[in-house]
Amino acid sequence: MKKVRVRFAPSPTGPLHIGGVRTALFNYLFARQHGGDMLLRIEDTDSARFVAGAEEYIVESLNWLGIAIDEGVGAKSQGKHAPYRQSERKAIYRKYVDQLLQAGLAYIAFDTPAELDGKRVEIANFQYDASTRGLMSNSLTLASENVNSRIRNGEQYVVRIKIEPNQEITVHDLIRGEVLVNSSVIDDKVLFKSSDELPTYHLANVVDDYLMEISHVIRGEEWLPSAPLHVLLYQYLGWMDVMPQFAHLPLLLKPDGNGKLSKRDGDRLGFPVFPMNWKDPKTGETSFGYREAGYFPEAMVNFLALLGWNSGTELEIFSMQELIDQFSLDRVSKSGAKFDYEKGKWFNHQYLQSKSNQEIATIFQKILLEKEINADATKLIKIVSLVKERANFVNELWAQSSFFFQQPTEYDAKTIQKRWKPETPVQLTELIDVLFDINNFSAENTETIVKEWITAKDYNLGGVMNAFRLSLVGEPKGPHIFDIIEVLGKEDTIKRLRKAIEIIG
RNA sequence: GGUCCAUUCGUCUAUCGGUUAGGACGCCAGGUUUUCAUCCUGGAAAGAGGGGUUCGACUCCCCUAUGGACUACCA
């Protein structure tokens with residue numbers, strides 16, 4: 001059996017979309033599972049749409065997510081089929097264009113974009129194919145001398161594939177089964193343009209997959225309609241025996257409504273659709289990314305893997321290695337998946353809980369430093385352990401724990417109304433004395449002593465505790481009170497009680 | 001308009017002819033808790049419609065409907 005070799009072949013026209021990330025991931029999982037190679041090829045045959053920095057963005061994104069490239073752009077060593085940017089492979093394609101031309105399977109066409117537009121207006125549902133090519137300016141209708149002189153005179157032309165009408169073309173798709181298409185519905189696609197001496201996607205893609213010995217083409221469903229054309233190209237080029245197998249992945253859809261997930265949906269609904277932040281070099285506009293939103297790459301990978309694939313078990317948490325072991329194209333679903341951002345948060349929550357407090361504290365520390373808070377490492381780990389289960393992201397930790405670092409400056413009015421009774425100041429003043437006499441300020445010890453005091457005085461437990469909490473936190477939230485004061489320490493705790501009594505009165 | 005693909009709870013999905021149609025996210029309720037959150041337990045919630053095939057269809061076939069993708073000298 002042929003060695004498994006797959007490729008992820010994005011176009012550097014902007015930041016990598018989250019759907020593209022999933023395509024890359026599925027390719028990677030498939031390659032790894034079969035001990036094969038994962039290639040990254042840059043499809044930059046459209047010189048007009050090139051965007052600076054896009055390629056670097058793609059490589060960095062895959063790198064962040066742990067999708068390793070074995071060969072091609074972004075790989076440690078280039079590999080034997082270099083170069084892997086189509087713009088750098090110009091010289092290679094010409095040969096195959098000539099081969100098709102000589103075999104009479106393609107032809108030269110001079111029709112200008114304006115002329116084509118004219119035809120589209122003139123003829124409803126105009127398609128450049130067997131039924132219309134006789135009406136156009138091409139090497140099929142023009143005398144060969146005419147064609148040659150036009151080319152000699154520098155006139156721009158394209159090479160089109162000459163599709164034989166009424167042929168049944170079968171695409172064997174690993175996910176969808178057999179897809180049958182009649183060749184009459186496919187137009188004579190442009191394979192090559194003289195303007196920049198580059199092939200179009202269709203030809204470049206087939207030639208490169210052939211030369212790079214690709215065994216499986218795993219790509220988005222938007223390519224399914226052009227798959228028959230690609231099969232035809234393999235036929236015309238005489239490569240049917242080594243044609244890769246195809247698998248067309250279902251699309252990622254908008255969370256609401258219908259249609260393919262787009263950047264606009266993210267802006268509109270407030271979630272990222274890109275793996276990392278991206279600053280558009282032309283407009284200067286910044287798009288938000290998952291990395292900067294605080295997602296762990298493992299959570300992202302897990303989340304994406306389950307959009308369109310499932311293990312067949314009821315498990316949902318998978319490490320990259322587990323995904324590699326269990327992935328199967330058989331279990332990829334056929335229909336598009338609406339993007340559920342809420343579920344993504346849940347995945348990150350799961351991964352956050354599974355991380356060590358030490359690891360989370362390290363990340364959290366950076367956030368604190370930005371706020372010019374320099375927290376003691378041991379204390380920070382303790383704080384993380386107290387609040388991490390309440391958060392989905394590390395960057396939510398601040399909202400859950402800011403009171404550990406800053407004394408409250410104001411107190412929630414509703415809570416004052418509900419919890420601050422006339423007897424409260426007296427009780428809290430007594431509490432200060434009780435706490436002052438405690439030397440071992442462990443949560444366990446303070447809890448025992450404070451509760452004994454409350455019982456002895458016959459105070460209402462909730463009454464004292466809620467006011468105590470308000471004094472420490474400023475709001476009716478947070479972990480167990482005695483855990484809080486253990487971190488705060490005696491001095492700070494008493495200070496906060498005094499301040500609350502003074503301010504609230 | 002044409003071609004192709006798809007269609008199970010709101011969402012992601014399991015089911016490969018016989019199940020009380022399962023799980024997860026979200027939602028609701030209850031419990032735990034001195035608060036909020038977490039957590040635990042429970043609940044509501046689905047086979048687009050119509051024909052076949054079959055002893056029996058969510059599952060196989062056909063039609064309809066709906067949705068999507070594609071339809072460029074873009075990828």
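In what follows, chains carry the letters A, B, and so on, assigned in the order in which the sequence lines appear, proteins first and then strands, with residues in each chain numbered from 1.
At a threshold of 4.0 angstrom between heavy atoms, the contacts of A/Leu180 are confined to the sugar-phosphate backbone, with no base atom among them. A/Gly344 comes within 4.0 angstrom of nothing in the nucleic acid, heavy atoms only. If you check every strand for non-hydrogen atoms under 4.0 Å, A/Asn125 touches a base. In this structure, A/His349 reaches the sugar-phosphate backbone alone: every heavy-atom distance under 4.0 Å involves primed, P, OP1 or OP2 atoms, never a base. Contacts of A/Pro479 with the nucleic acid, taken as non-hydrogen atoms under 4.0 Å apart, include base atoms. A/Ile481 comes within contact range of at least one nucleobase, with a heavy-atom separation under 4.0 Å. Across all strands, A/Thr112 comes closer than 4.0 Å to base atoms (heavy-atom distances). As judged by a 4.0 angstrom heavy-atom cut-off over every strand, A/Arg219 is placed among residues making no nucleic acid contact. Within 4.0 Å of A/Lys260, counting heavy atoms only, lie sugar-phosphate atoms of the nucleic acid but no base atom. Within the nucleic acid shown, A/Arg176 comes within 4.0 Å of sugar-phosphate atoms alone, with no base atom in reach, counting heavy atoms only. Residue contacts for A/Val158: at a heavy-atom cut-off of 4.0 Å it reaches a base atom on one of the strands shown.
A salt bridge links A/Arg49 with A/Asp46: the distance from a Lys NZ or Arg NE/NH1/NH2 to an Asp or Glu carboxylate oxygen falls below 4.0 Å. Ionic pairing of A/Glu396 and A/Lys345 is not present here: no N-O contact between side-chain nitrogen and carboxylate oxygen is shorter than 4.0 angstrom. A/Arg268 has a carboxylate O that lies under 4.0 Å from a charged side-chain N of A/Asp256, or vice versa, which qualifies the two as a salt bridge.
Judged by Watson-Crick or G-U wobble contacts below 3.5 Å, the nucleotide B/rU53 has no partner. Base pairing of B/rU33 is not made with any nucleotide, judged by Watson-Crick or G-U wobble geometry with both donor-acceptor distances under 3.5 Å. Base pairing of B/rC28: its partner is B/rG42, meeting the Watson-Crick or G-U wobble criterion (both donor-acceptor distances under 3.5 Å). Under the Watson-Crick and G-U wobble criteria, each requiring two contacts below 3.5 Å, nucleotide B/rU3 is paired to B/rA69.
Taking the side chain of A/Ser333 as heavy atoms from C-beta on, and the options B/rA24, B/rA37, B/rU13, the nearest nucleotide is B/rU13. Of the candidates B/rA75, B/rC12, B/rA24, the closest approach to any side-chain atom of A/Arg49 belongs to B/rA75.
Between A/Arg331 and B/rU15 there is a side-chain polar atom (N or O) within less than 4.0 angstrom of OP1 or OP2. For the pair A/Asn466 and B/rU35, the criterion of a side-chain N or O lying under 4.0 Å from OP1 or OP2 is not met.
Annotation: side chain of A/Tyr96 is not in contact with side chain of A/Leu191 (no heavy-atom distance under 4.5 Å). Residues A/Val301 and A/Leu25 form a side-chain contact, since some pair of their non-hydrogen atoms from C-beta on lies under 4.5 Å apart.
Per the geometry, CZ belonging to A/Phe482 stands 13 Å off P belonging to B/rU35, to the nearest Å. Separating the OH atom of A/Tyr93 from the P atom of B/rC73 is a distance of 20 Å, rounded to the nearest angstrom.
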